[in-house]
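One structure is given here, and the rest of the page talks about it.
Hydrogens, waters and symmetry mates play no part in the numbers below; they use all other heavy atoms, side chains included. Numbered from 1 within each chain, the chains take letters A, B, ... in sequence-line order.
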Number of protein chains: 2
Amino acid sequence: MSTRVLQHPDAAEIRLEAVLHALADPMRLEVVCFLAAHGGEAGCAEIDLGVSKSTGTHHYRVLREAGVITQVYRGTAKINSLRRDDLDALFPGLLDSVVTAAARRVRV
Amino acid sequence: MSTRVLQHPDAAEIRLEAVLHALADPMRLEVVCFLAAHGGEAGCAEIDLGVSKSTGTHHYRVLREAGVITQVYRGTAKINSLRRDDLDALFPGLLDSVVTAAARRVRV
DNA sequence: CTCGTAGTACGATGATTGACGTACAAGCCG
DNA sequence: CGGCTTGTACGTCAATCATCGTACTACGAG
């Protein structure tokens with residue numbers, strides 16, 4: 001039906017538990033870290049999660065519905081962006097501490 | 001067998017995903033907020049979660065095994081303490097931002 | 001010793017979730 | 001147009017999770 005427009009929760013509707021739950025999955029955490037490290041933009045295909053496309057779609061959807069990322073179509077590709085502004089405004093310091101902690105975790 | 005000694009993960013074994021997962025549940029988040037607001041000590045019975053004892057035990061166990069809280073027996077009661085030092089050392093700022101965000105969330 | 005309180009252990013159960021394959025839609029390119 | 005790439009929708013399956021009830025242990029008070 002050619003929607004091509006993706007629904008995102010309003011900033012005021014972002015729920016802390018949903019964000020934490022979205023971040024609790026290692027795969028989604030990796031996506032967030034990737035976006036945080038790359039200026040917040042990346043196509044779905046640029047982040048190799050090692051899972052099937054369906055599963056990837058599923059995880060991106062969870063992140064989007066939790067209000068963690070924004071997704072925009074650009075041709076056939078879909079660009080994912082971190083909603084850093086909204087997250088920082090709602091939960092100051094949360095994103096940074098999680099990303100920092102995740103980066104350290106990888107090193108260990 | 002009178003174990004009466006509870007096993008806690010070592011500080012180095014605390015996993016970010018486990019902590020996030022533990023914090024993602026509203027009930028456990030409430031426990032953490034309560035402990036954070038009360039100097040980090042409280043018996044299981046002091047925090048009314050509105051669920052059965054079994055469920056309460058389950059949630060406390062998840063928190064303990066994730067390395068979020070410490071549990072010590074004092075007579076028949078069990079005292080829960082936040083592992084603030086360990087968490088702050090491993091994931092600087094994480095606990096504060098989550099607790100702050102949760103407190104704000106309740107107000108909304 | 002007996003009882004009450006505080007919490008554990010052990011299933012059981014229903015809901016949610018993660019992962020997948022297949023079939024399909026939308027946009028680019030030859 | 002026809003094929004390729006990119007991602008979605010849908011149904012399925014297994015695993016995990018939150019919740020509970022019941023039976024039990026440990027401790028303190030009387």
Side-chain angles (χ1 to χ4, degrees), chain A residues 1-8 15-32 34-35 38 41-81, chain B residues 1-8 15-32 34-35 38 41-81:
Chain A
M1 50 177 167
S2 172
T3 310
R4 294 276 107 181
V5 175
L6 296 160
Q7 306 208 347
H8 299 77
R15 296 259 148 257
L16 173 61
E17 7 159 335
V19 172
L20 288 174
H21 178 246
L23 263 40
D25 187 282
M27 202 156 283
R28 295 193 288 260
L29 189 55
E30 191 180 338
V31 171
V32 171
F34 185 97
L35 288 174
H38 289 73
E41 279 212 354
C44 282
E46 293 180 49
I47 312 176
D48 184 19
L49 295 173
V51 295
S52 70
K53 282 193 299 178
S54 320
T55 306
T57 300
H58 163 69
H59 285 301
Y60 284 111
R61 178 200 297 260
V62 173
L63 284 171
R64 191 186 69 234
E65 293 183 346
V68 180
I69 63 173
T70 305
Q71 296 185 300
V72 187
Y73 282 101
R74 184 179 298 171
T76 58
K78 199 168 63 173
I79 305 300
N80 304 287
S81 325
Chain B
M1 51 177 167
S2 172
T3 311
R4 294 278 107 179
V5 175
L6 296 160
Q7 305 209 346
H8 299 76
R15 295 263 146 252
L16 174 60
E17 8 159 335
V19 173
L20 289 174
H21 177 247
L23 263 39
D25 187 280
M27 201 155 284
R28 295 192 288 261
L29 189 55
E30 191 180 337
V31 171
V32 171
F34 185 97
L35 289 175
H38 289 72
E41 278 213 353
C44 281
E46 293 180 49
I47 313 176
D48 184 18
L49 295 174
V51 295
S52 70
K53 283 194 300 179
S54 318
T55 308
T57 300
H58 163 68
H59 286 301
Y60 284 111
R61 178 201 295 261
V62 172
L63 283 170
R64 190 186 70 232
E65 292 183 347
V68 180
I69 63 173
T70 305
Q71 296 184 301
V72 188
Y73 282 101
R74 183 179 301 170
T76 57
K78 198 167 66 173
I79 304 299
N80 303 286
S81 326

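- In this structure, B:His59 atom NE2 and C:dG7 atom P are separated by 15 Å, rounded to whole Å.
- Summarising the geometry, the separation between CZ on A:Arg61 and P on D:dT6 is reported as 20 Å, rounded to the nearest angstrom.
- Counting all heavy atoms, side chain and backbone alike, B:Ala22 lies closest to B:Val68 at CB-CG2, 4.3 Å.
- In this structure, B:Glu65 atom CD and D:dA18 atom P are separated by 12 Å, rounded to whole Å.
- As a whole-Å value, the separation of B:Met27 CE from D:dC17 P is 16 Å.
- Rounded to a whole Å, the OH atom of B:Tyr60 is 13 Å from the P atom of C:dA6.
- Distance A:Lys53 NZ to C:dA26 P: 15 Å, rounded to the nearest Å.
- Comparing B:Gln71 and A:Ser54 against DNA chain C, the residue whose closest nucleotide sits nearer the 5' end is B:Gln71.
- Side-chain contact check for A:Thr57 and A:Ser54: no donor-acceptor pair (N or O, by modelled atom type) lies under 3.5 Å.
- A straight line from CG of B:Leu23 to P of D:dA18 spans 13 Å, rounded to a whole angstrom.
- Considering all non-hydrogen atoms of both residues, B:Leu63 and B:Val32 come closest at CD2-CG2, 4.0 Å.
- Contact between A:Pro26 and B:Glu17 at its shortest, heavy atoms only, is CG-OE1, 3.9 Å.
- Looking at heavy-atom distances under 4.0 Å, B:Arg74 makes no contact with the nucleic acid at all.
- When distances run from any side-chain atom of A:Thr76 to the nucleotides C:dC20, C:dA26, D:dG7, the shortest one goes to C:dA26.
- Atom pair B:His58:NE2 and D:dT22:C1' shows a separation of 18 Å (rounding to whole Å applied).
- Comparing D:dA18, C:dT5, D:dG7 by their closest approach to the side chain of A:Tyr73 singles out D:dG7.
- Note that CZ of B:Arg28 and CD1 of B:Ile69 are 10.5 Å apart. Values are rounded to the nearest 0.5 Å.
- Mapping B:Ala77 and A:Asp25 onto DNA chain C via the closest heavy atom, the residue that lands nearer the 5' end is B:Ala77.
- With D:dC20, C:dG18, C:dG7 as the candidates, the nucleotide lying closest to the side chain of B:Thr55 is D:dC20.
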